[in-house]
Q: 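There's a structure below that I have some questions on.
Residue numbers start from 1 in every chain, and the chains themselves are labelled A, B, ... in the order their sequence lines are given, proteins ahead of strands.
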Amino acid sequence: MEEISDLIKIRRAKVQEFRDLGVNPYINRFKVSEFIGKLLETFSEETKEDLEEKNLQYTLAGRILSRRKHGKTTFCNIKDGTGLIQVYIKKNDIGEEAYDLFSKYDIGDFMGVTGKLSKTKTGELTLFAKETTLLSKSLLPLPEKWHGLKDVELRYRQRYVDLIVNPDVKQVFVYRSKIIQALREFLTDRDYLEVETPMMQSIPGGATAKPFKTHHNALNMDLYLRVAPELYLKRLVVGGIERVFEINRNFRNEGISTEHNPEFTMLEFYTAYVDYHYLMDLTEELFRYIGTKVFGTLKFPYTYVENGEEKEGTLDFEPAFKRIPFKESLTEIGNIPADTVNDPQKAVAYALEHKVPLEKKDSPAKVMGKLFDHFVEPNLVQPVFIIDYPLELSPLSKKKEDDPSLVERFELFVARKEIANAYTELNDPIDQKERFEEQVSQRDSGDEEAHWMDNDFIRALEYGMPPTAGEGIGIDRLAMLFTNSQSIRDVILFPQLKKES
RNA sequence: GGGCCGUUAGCUCAACUGGCAGAGCAACUGACUCUUAAUCAGUAGGUUGAAGGUUCGAUUCCUUCACGGCUCACCA
């Protein structure tokens, strides 16, 4: 039925051969005396003579990644989770029978090896084997050693293979993990409490986005996967958890691109008694903390494409991040005439003239948003806070005291991407209710992304929420930024793909 | 969802204007006791993503579909 290539048939036959010889090809345990990385770290600089004198015996284990056979001797490289080391197997040293058995191992198999650590005449740290053990047999051939696995579809679908043969891949995910760890440290050191709030919500709130819908059978109730934790975290601020954060998944039923995966990881944190200015300072500090702690630098390479050419730049988190009001950014960075920005009709005309796609139902504020996306965002390379957004684009933010058409909100842009979004939280329950009502009417007129009415959230605010500022940071994009990754799929281990055909 | 590009051996890639589908690595057989993209000699490996169509003849041209990449729209 199933077509099996000769390569696999041969390997399956080998498994049987080992069994026939009384060798279990999948043994239960194997005691390792040291990890490879540790040996590389400790002994790479030592001379061959010193190593010989110390007569160091080790038992290592790892996956065979390459092999160079020379008749009665073989060099191979084995890799464990910590590093890759060369092993030298000589017939005279391990015996004829053992050598014949070893010769049946394939690239991709896990083997254990005991022997003396020394160096070859070329100076490479090498374990000179006295004994080898088959730990686990591999049935599928690994991709080519030189080119690795390049087919991006296979890399994402079979990430396990990608991780085996493309060493840089693991490093990206190590960095991702360390970045998240640094975020946690940074916040917990400042007395923020990490919490987990519902991912399944009956009213999906906290962001303008289309949710995924699911159904709970026992409760006979439709539920939505959350688009943001925001409204629950604010309920906690109401309840007295005045410094709170959550790092977890959000789900949005929208397009997939190099910057969007349907499930993505967000940090959201809330701080009572402060405003968005405080958060800007804290955000700058946070970026420098990650840079220093994880990478030991505040300057990062940045690859981008301009006019079809790949170019290299540098992102610098050292200088103070610029803070530019939204409206000013349109004129100063977007080079849109001031009278156009101030006149909704002219703005629409300007947008159409420059082929910015508008929809008929777009309000003046939405037109501004689109002008921003089109003319300003592509120019925001070094870290910059865009501040003071139009009220209508921000249904959960607090109005500015001196200009109620604007809200106290900022978004942080780096490398032409939106990385963070923050604002002084709206805590006036009556104002909040009116804004929800406005969103509901937009929803009724066909805007599937508009916010829902959340009466329990209003009730929480009615009990009183202290003045609070909150911020969300997209972790995937943050990881892209720090690892200079061109696609969000390169920082997500298993990105969403269609079913394999 | 739209546009452009791609899918050939396990992997990385060739095959001119439609004319016998090829190489390197991996595999297999053999030689080789310090190699490292080991080397040398030989062998095998293919429904060219799928289904139709045009043609004497299709990897190549056309149509539809599947999957992927980039990009636009939407969005963080």
Q: May I have the distance from A/K14 (atom NZ) to B/rA27 (atom P), rounded to whole angstrom?
A: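 Taking atom P of B/rA27 as the reference, NZ of A/K14 is at 8 Å.
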Q: Taking the P atom in each of B/rA73 and B/rU12, what is the distance between them to the nearest angstrom?
A: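 Pairwise P distance, B/rA73 against B/rU12, rounds to 32 Å.
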Q: Strictly by Watson-Crick or wobble contacts shorter than 3.5 Å, is anything paired with B/rU55, and which nucleotide is it?
A: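 Across any shown strand, B/rU55 pairs with none.
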Q: Does A/N261 reach a base, just sugar-phosphate, or nothing at all? Heavy atoms under 4.0 Å.
A: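 Here A/N261 touches the bases of the nucleic acid.
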Q: For A/D162, which of A/K150, A/R489, A/R155 qualifies under salt bridge (charged side-chain N to carboxylate O under 4.0 Å, His left out)?
A: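 With A/D162 as partner, A/K150, A/R489, A/R155 yield a single salt bridge (charged side-chain N to carboxylate O under 4.0 Å, His left out), made by A/R155.
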Q: Which parts of nucleotides 32-42 of chain B does protein reach within less than 4.0 Å, heavy atoms only, written one letter per nucleotide 5' to 3' as B for base, S for sugar-phosphate only and - for none?
A: BBBBBBB----
Q: Rounded to whole angstroms, how far apart are CG on A/N253 and C1' on B/rA76?
A: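 Going from CG in A/N253 over to C1' in B/rA76 covers 15 Å.
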Q: Have a look at A/L154 and say if it touches a base, only the backbone sugar-phosphate, or nothing, with a 4.0 Å heavy-atom cut-off.
A: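 The residue A/L154 makes sugar-phosphate contact but no base contact.
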Q: Under 3.5 Å for both donor-acceptor distances, Watson-Crick or wobble: does B/rG22 have a partner, and if so which one?
A: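 WC or wobble partner is B/rC13.
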Q: Mind telling me whether A/F436 and A/H451 have parallel, tilted or perpendicular rings, with 30° and 60° as the class edges?
A: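 Geometry flag for A/F436 against A/H451: tilted rings.
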Q: Take atom C1' in B/rA14 and the same atom in B/rU48, then report the distance between them in whole Å.
A: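 13 Å, rounded to whole Å.
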Q: Parallel under 30°, tilted from 30 to 60°, perpendicular over 60°: which one fits the rings of A/F375 and A/Y350?
A: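 Plane angle between 30° and 60°, so tilted.
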Q: Whole angstrom is fine here: how far is it from CD1 in A/I164 over to C1' in B/rA26?
A: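 Distance check: A/I164 CD1 to B/rA26 C1' gives 15 Å.
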Q: Round to a whole Å and report the spacing from CE of A/M480 to P of B/rA76.
A: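 Checked: the CE to P distance equals 15 Å.
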Q: Expressed in whole Å, how much space separates the P atoms belonging to B/rU64 and B/rC25?
A: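 Looking at atom P only, B/rU64 and B/rC25 are 42 Å apart.
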Q: Does A/R409 count as lying over the ring of A/Y389, i.e. NZ or CZ under 6.0 Å from the six-ring centre, within 45 degrees of the axis?
A: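 Flagged: A/R409 positioned over aromatic ring of A/Y389.
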Q: Which comes earlier along RNA chain B counting from the 5' end, the contact point of A/L149 or that of A/D106, where each point is its nearest nucleotide?
A: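 Result: A/L149.
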Q: May I ask which nucleotide in the shown strands pairs with B/rU60, Watson-Crick or G-U wobble, both distances under 3.5 Å?
A: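 Across any shown strand, B/rU60 pairs with none.
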Q: Would you measure the distance from the C1' atom in B/rA41 across to the matching atom in B/rC61 and give it in whole Å?
A: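 Straight-line distance between the two C1' atoms is 43 Å.
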Q: Rounded to the nearest Å, what distance is computed from the OH atom of residue A/Y423 to the P atom of nucleotide B/rA76?
A: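 These atoms are roughly 10 Å apart.
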Q: Using atom C1' of each nucleotide, how far apart are B/rG42 and B/rA58 to the nearest Å?
A: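 Here B/rG42 and B/rA58 have their C1' atoms 34 Å from each other.
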Q: Are A/R252 and A/E263 close enough for a salt bridge, meaning some N to O gap below 4.0 Å?
A: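 Salt bridge absent between A/R252 and A/E263.
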Q: Within this structure, what is the CG-to-P distance between A/D109 and B/rA27, rounded to whole angstrom?
A: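 Atom-to-atom, A/D109 to B/rA27, this comes out as 11 Å.
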Q: P atom, B/rA50 versus B/rU43: distance in rounded Å?
A: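 Per the computed distance, 29 Å lies between those P atoms.
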Q: When the C1' atoms of B/rC32 and B/rA21 are considered, how many whole Å apart are they?
A: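 These two C1' atoms come out 34 Å apart once rounded.
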Q: Is B/rC70 paired to anything, Watson-Crick or G-U wobble with both distances less than 3.5 Å, and if yes, which nucleotide?
A: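 Result: B/rG3.
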Q: Between P on B/rA76 and CD1 on A/I488, what's the gap in Å once rounded to a whole number?
A: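 Those two atoms, CD1 and P, are 13 Å apart.
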Q: Suppose we define a pair by two distances each less than 3.5 Å, Watson-Crick or G-U wobble; what does B/rU43 pair with here?
A: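 Answer to the pairing question: B/rA27, which forms a Watson-Crick or G-U pair with B/rU43.
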Q: Give me the distance, rounded to whole Å, that separates B/rC13 from B/rU59 when you measure between the C1' atoms they each carry.
A: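 That atom pair is separated by 14 Å.
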Q: Could you tell me whether A/K366 and A/D447 make a salt bridge, using a distance below 4.0 angstrom between a side-chain N and a carboxylate O?
A: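 Salt bridge flag = yes for A/D447 with A/K366.
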Q: Pairing check on B/rU35: which nucleotide meets the Watson-Crick or G-U wobble criteria with it, both distances under 3.5 Å?
A: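 Pair assignment: B/rU35 / none.
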Q: Strictly below 4.0 Å, N to O, side chains only: are A/D106 and A/K137 in salt-bridge contact?
A: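 Yes, A/D106 and A/K137 are salt-bridged.
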Q: Rounded to whole Å, please give me the gap between CZ in A/R11 and C1' in B/rG10.
A: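 Result: 9 Å.
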Q: Taking A/E194 first and then A/R184, would you say they form a salt bridge - that is, a charged N and a carboxylate O separated by under 4.0 Å?
A: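 A salt bridge is present here (some side-chain N lies under 4.0 Å from a carboxylate O).
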Q: Taking protein heavy atoms under 4.0 Å as touching, what does nucleotides 67-73 of chain B look like 5' to 3' if B marks base contact, S marks sugar-phosphate-only contact and - marks none?
A: SSSSS-S
Q: Quick one: label A/G148 by what it contacts on the DNA or RNA (base, sugar-phosphate, nothing), any heavy atom closer than 4.0 Å.
A: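 If one applies the 4.0 Å heavy-atom cut-off, A/G148 turns out to touch the sugar-phosphate alone, with no base involved.
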Q: Of all heavy-atom pairs between A/V384 and A/I324, which one has the smallest distance, and what is that distance?
A: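 Looking at all heavy atoms of both residues, the closest pair is CG2-CD1, 3.9 Å.
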Q: Watson-Crick or G-U wobble partner for B/rC65, using a 3.5 Å limit on both distances?
A: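 By the stated definition (distances under 3.5 Å), B/rG49 pairs with B/rC65.
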Q: Is a salt bridge present between A/R416 and A/E377, judged by a nitrogen-to-oxygen distance below 4.0 Å?
A: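 Between A/E377 and A/R416 there is no salt bridge, as every charged N stays at least 4.0 Å from the carboxylate O atoms.
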Q: Would you call A/R19 and A/E17 a salt bridge, using N to O less than 4.0 angstrom?
A: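 Looking at A/E17 together with A/R19, the answer is no, because their closest N to O distance does not fall below 4.0 Å.
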